[in-house]
Number of protein chains: 2
Amino acid sequence: MQLTKTEEELMNHLWRLDKAFMKDLLEAYPEPKPATTTVATLLKRMADKGFVSYTRFGNSREYFPLVKKKEYFSKQVNSLIKNFFNDSSSQFASFFTKETNLSKKELQELRAIIDSELQNK
Amino acid sequence: MQLTKTEEELMNHLWRLDKAFMKDLLEAYPEPKPATTTVATLLKRMADKGFVSYTRFGNSREYFPLVKKKEYFSKQVNSLIKNFFNDSSSQFASFFTKETNLSKKELQELRAIIDSELQNK
DNA sequence: ATTTTTATTCTACATTTGTAGAATACCCTC
DNA sequence: GAGGGTATTCTACAAATGTAGAATAAAAAT
């Protein structure tokens, strides 16, 4: 199952905080903050979808992510690639390199990463 | 505004075909094909969102995309980057290179692209 | 202990999305 | 020009999403 945009936003807070109580999550939002009940509903739905869980502490809960940001993100990218580039990551890579505004420095860094990846092949 | 997954699928057909009548779009779907009315509804919604338009031909219409695949896709990637990498494309690039399964050949191609990009800087 | 604050659950409701039938209008063919 | 195929519009409806009030329960503060 998929997270919606709104759920993703909350998930991002949770990833950043690593684990968090309701109040921490509310704090994480910029003004205007959503109602507590709104966040509670989102958390419940996200728990149903298997993205978060929690530890009980008295009556309240410490929420934590069940899915790593990396994993989640990786699926996102892969689905983008599948959807728009007939599953060709190189086509995507080429597109990405040309179309996003990487600075000279960033491009050089990226080349370094690629070189080190090539070492392992 | 955003396209939903289902709308994206249709949009993909349209991009591939460049322009198309209802019947072409229906053909483009794999079995089980959606009902004509379903596609019609989607097209209308997509037109409302400003993603497609059409030329009248008698009582039927030749639909065409108003947004280029490249543009659309570019926005998707940028929003992914913004959402998950605090707007840092280099962080994303690094992630991408490490986490997607690029073959040796693809990595080499990618390096070539980067080199040629670096020429222009 | 009484009040205040805070989190949770239950309920609710408007909007969006996925899907398609019914009715209608048009074009093509015999 | 009557009948069959096809596209469009209208209508509908279930499910998902965004949002939050009311009621409740428990913890913290005074």
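Naming convention: chains lettered A, B, ... in sequence-line order (proteins, then strands); numbering from 1 in each chain. Below, all heavy atoms of this structure are taken into account, side chains as well, without hydrogens, waters or symmetry copies.
- Atom-to-atom, CZ of Arg56(A) to P of dA26(D) comes out at 11 Å; the value is rounded to the nearest Å.
- Within 4.0 Å (heavy atoms only), Thr37(B) reaches at least one base atom of the nucleic acid.
- Counting non-hydrogen atoms under 4.0 angstrom, Ser60(A) reaches the backbone sugars and phosphates but no base.
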| field | side chain to side chain contact (heavy atoms under 4.5 Å, CB included) between Leu118(B) and Arg111(A), intermediate numbers included | value | CA-CA 10 Å; Leu118(B) 275 167; Arg111(A) 189 171 55 175; 4.1 Å; yes

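- Met22(A) places its CE atom 16 Å from the P atom of dA27(D), with the value rounded to the nearest Å.
- Note that the first and last nucleotides of DNA chain C, 5' to 3', having any atom under 4.0 angstrom from a heavy atom of chain B are dT17(C) to dC27(C).
- Salt bridge absent: Lys104(A) and Glu117(B) never bring a charged side-chain N and a carboxylate O closer than 4.0 Å.
- Rounded to an integer number of Å, the gap from NZ of Lys23(B) to P of dT8(D) is 12 Å.
- For the pair Leu3(A) CG and dG18(D) P, the interatomic distance rounds to 10 Å; values are reported in whole Å.
- For dT17(D), neither phosphate oxygen OP1 nor OP2 lies less than 4.0 angstrom from any side-chain nitrogen or oxygen of Arg45(A).
- In this structure, Thr6(A) reaches the sugar-phosphate backbone alone: every heavy-atom distance under 4.0 Å involves primed, P, OP1 or OP2 atoms, never a base.
- At the heavy-atom level, Phe57(A) lies nowhere under 4.0 Å from the strands shown.
- In this structure, the side chain of Thr38(B) does not engage the main chain of Pro34(B) through any donor-acceptor pair within 3.5 Å.
- Surrounding NZ of Lys33(B) are more than 12 heavy atoms belonging to other residues, nucleotides or ligands, all under 6.0 Å away.
- Rounding to whole angstrom units, CZ of residue Phe51(A) and P of dT17(D) are separated by 11 Å.
- Panel note: side chain Lys49(A), backbone Leu3(A); no donor-acceptor pair is recorded below 3.5 Å.
- In this structure, Leu43(A) atom CG and dT19(D) atom C1' are separated by 14 Å, rounded to whole Å.
- Smallest separation of non-hydrogen atoms from Lys19(B) and Phe64(B): CB-CB, 4.1 Å.
- At dT17(D), one or more side-chain N or O atoms of Lys49(A) fall inside 4.0 Å of OP1 or OP2 (strictly under the cut-off).
- For the pair Leu10(A) CG and dT17(D) C1', the computed distance is 14 Å after rounding to whole Å.
- Among the heavy atoms of the strands lying under 4.0 Å from Ala40(A) is at least one base atom, whether or not backbone atoms are also near.
- Between Tyr72(B) and Trp15(B), the ring planes are tilted. Angles from 30° to 60° get that label.
- In terms of position along DNA chain D, the nucleotide closest to Phe21(B) lies nearer the 5' end than the nucleotide closest to the other residue of the pair Glu7(A) and Phe21(B).
- For Lys69(B) (side chain) and Asn12(B) (main-chain N/O), no donor-acceptor pair under 3.5 Å exists by modelled atom type.
- In this structure, Gln2(B) atom CD and dT17(D) atom P are separated by 14 Å, rounded to whole Å.
- Both Asp24(B) and Met1(A) lie close to DNA chain D; mapped to their nearest nucleotides by heavy-atom distance, the more 5′-ward contact belongs to Asp24(B).
- Counting non-hydrogen atoms under 4.0 angstrom, Tyr63(A) reaches the backbone sugars and phosphates but no base.
- Residue contacts for Thr4(A): at a heavy-atom cut-off of 4.0 Å it reaches the sugar-phosphate backbone alone, with no base atom in range.
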